[in-house]
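The next block holds one structure in the form of structure tokens; read it before the comments.
Every chain is numbered from 1 and lettered A, B, ... according to where its sequence line falls, protein lines coming before strand lines.
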There are 2 protein chains.
Amino acid sequence: MALEIRPSQALRLWRQVHLDLVQDGDADLSARQTAILLTIYLELPPHTVRGLAQQLGVTKPVITRALDTMGKLGLVSRKRDDFDRRNVIIQRTVAGALAVERLADLIVQRSRELGAG
Amino acid sequence: MALEIRPSQALRLWRQVHLDLVQDGDADLSARQTAILLTIYLELPPHTVRGLAQQLGVTKPVITRALDTMGKLGLVSRKRDDFDRRNVIIQRTVAGALAVERLADLIVQRSRELGAG
DNA sequence: CGATAATGATACGGATCCGAAACGATCAGA
DNA sequence: TCTGATCGTTTCGGATCCGTATCATTATCG
């Protein structure tokens, strides 16, 4: 079930999708923000600041700031953990789910357009 | 010759490669910088500031700044066009070619590890 | 020559991000 | 209770980036 892709195809796919993301006018996320967003939407909850920091190998303030930014964009939301009020649970949103879905469709579409390369 | 990939696979690939890029410690490039870098290394030269700005749909200072940053990282270099000294020709470098090659290998490797998803 | 156009770089104010350190709030255990 | 650990946030100085506007240099053409 492994995906068969050649290096030149991989690069063209990577370039084209990034071009689309830049041109779509949506606030383009940094690599870190992208990794955080997709981790939240692909991995099993619950997600915490500390957990995300560990998975990404970055410090906690990086996560806090990324959540601030993506929260303003409506891509994620935060909620105190009622069982341990030190924790913050990061939650998905409708807008975030839609954005992730759009990204998936974009990658799929651009990969279909790849030639033999 | 189209690449068969499902949305969930696309997202897992996107996430994993971004995780790798963040963790590799290399200065992670923005979406714009990535698009610029790959355009320089995939499209036929010569590349100019103006041409890149048009292809990306951004303003010229964005390109100038990105070239400053990537120049410091050794990923690209600049050279005056001797036939029209208003132009600046953006050139590839050995370090840049290596970085692009590493990115390609990373994508290929991670795509091989995808399950049926 | 002189006027106009084109190119890439720079100045500017504002926004964002970084890592390190410190902080307040909360929990756990003696 | 109270001491220490844990959690997420905030602060700090410094760096980067943004878009707009402007700049110096160079080319083009009358």
Side-chain angles (χ1 to χ4, degrees), chain A residues 18-19 21-37 39-40 43 45-92, chain B residues 18-19 21-37 39-40 43 45-92:
Chain A
H18 276 87
L19 272 178
L21 291 176
V22 168
Q23 292 173 345
D24 270 5
D26 304 342
D28 42 275
L29 303 178
S30 69
R32 289 177 170 191
Q33 290 169 335
T34 301
I36 294 172
L37 185 69
T39 297
I40 294 170
E43 296 295 307
H47 296 289
T48 64
V49 172
R50 175 168 183 71
L52 290 173
Q54 281 179 333
Q55 286 193 59
L56 286 157
V58 298
T59 59
K60 288 188 294 175
V62 168
I63 304 295
T64 292
R65 282 185 292 252
L67 293 180
D68 289 343
T69 300
M70 296 194 288
K72 280 184 204 164
L73 298 174
L75 300 177
V76 298
S77 70
R78 279 185 268 207
K79 168 176 165 283
R80 277 282 163 194
D81 182 351
D82 285 331
F83 297 102
D84 184 341
R85 299 194 55 75
R86 289 174 302 181
N87 288 342
V88 163
I89 307 294
I90 292 105
Q91 298 179 304
R92 304 171 187 173
Chain B
H18 275 87
L19 272 178
L21 291 176
V22 168
Q23 291 173 345
D24 270 5
D26 304 341
D28 42 276
L29 303 179
S30 69
R32 288 178 172 192
Q33 290 169 335
T34 301
I36 293 172
L37 186 69
T39 296
I40 294 170
E43 297 295 307
H47 297 289
T48 64
V49 172
R50 174 170 180 74
L52 290 172
Q54 281 179 334
Q55 285 193 59
L56 285 156
V58 298
T59 58
K60 288 189 293 177
V62 168
I63 304 296
T64 293
R65 280 187 294 253
L67 293 179
D68 289 343
T69 301
M70 296 193 289
K72 280 183 204 164
L73 298 173
L75 300 176
V76 298
S77 69
R78 278 186 269 206
K79 169 174 164 286
R80 278 282 162 194
D81 182 351
D82 284 330
F83 296 104
D84 184 343
R85 300 193 57 73
R86 290 174 302 182
N87 288 342
V88 163
I89 306 294
I90 293 105
Q91 297 178 304
R92 305 171 185 172

To the nearest 0.5 Å, tell me how far [X] [atom1] sits from [Y] [atom2].
X	Y	atom1	atom2	answer
B:L29	A:S30	CG	OG	11.5 Å
B:D81	B:D84	CG	CG	6.0 Å
A:T48	A:I63	OG1	CD1	9.5 Å

Item to complete: Using a cut-off of strictly less than 4.0 Å, decide whether B:Q33 has a side-chain nitrogen or oxygen near OP1 or OP2 of D:dT16.
Response: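 No.
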Worksheet item: OP1 or OP2 of C:dA9 less than 4.0 angstrom from a side-chain nitrogen or oxygen of B:T64, does that happen here?
Response: yes
Worksheet item: So what does A:S30 hit on the nucleic acid, given a heavy-atom distance under 4.0 Å: a base, only sugar-phosphate, or nothing?
Response: nothing
Let me know the distance between [atom1] of [X] and [atom2] of [N], rounded to the nearest Å.
X	N	atom1	atom2	value
B:R50	C:dA5	CZ	P	14 Å
B:D68	D:dA15	CG	P	16 Å
B:I63	C:dG8	CD1	C1'	11 Å
A:N87	C:dT26	CG	P	12 Å
A:Q54	D:dC7	CD	C1'	12 Å
A:K60	C:dA21	NZ	P	14 Å
A:L67	C:dT16	CG	P	15 Å
B:L56	C:dG8	CG	P	14 Å

Worksheet item: Taking side chain as C-beta onward, heavy atoms only, is B:M70 less than 4.5 Å from B:L37?
Response: yes
Item to complete: Check whether any side-chain heavy atom of B:L56 lies under 4.5 Å from a side-chain heavy atom of B:R32, and answer yes or no.
Response: no
Practice prompt. Compare the minimum distances between each of C:dA9, D:dG8, C:dG19 and the side chain of A:R32, then state the nucleotide with the smallest one.
Written response: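 In terms of side-chain proximity for A:R32, the closest of C:dA9, D:dG8, C:dG19 is C:dG19.
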Fill in: Sole residue of B:R85, B:R86, B:R80 in salt bridge (Lys or Arg N to Asp or Glu O under 4.0 Å) with B:D82
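Going through B:R85, B:R86, B:R80 one by one, the salt bridge (Lys or Arg N to Asp or Glu O under 4.0 Å) with B:D82 is satisfied by B:R85 alone.
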Worksheet item: When every nucleotide of nucleotides 20-30 of chain D is labelled 5' to 3' by its protein contacts under 4.0 Å (heavy atoms), B for base, S for sugar-phosphate only, - for none, what sequence of letters results?
Response: BB----BS---
Worksheet item: Considering all heavy atoms of both residues, which atom of B:I89 and which atom of B:P46 are nearest to each other, and what is their separation?
Response: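 Nearest heavy atoms, B:I89 then B:P46: CD1-CB, 4.1 Å.
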Worksheet item: For B:Q33 and B:A66, which heavy atoms make the closest approach, and how far apart are they?
Response: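 Scanning both residues, the minimum pair turns out to be CG-CB, 4.2 Å.
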Worksheet item: Which residues, if any, of residues 72-79 of chain A bring a heavy atom under 4.0 Å of DNA chain D?
Response: A:R78
Practice prompt. Say whether, by atom type as modelled, one donor and one acceptor occur between the side chain of A:Q23 and the main chain of B:Q55 under 3.5 angstrom.
Written response: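 At least one qualifying donor-acceptor pair exists.
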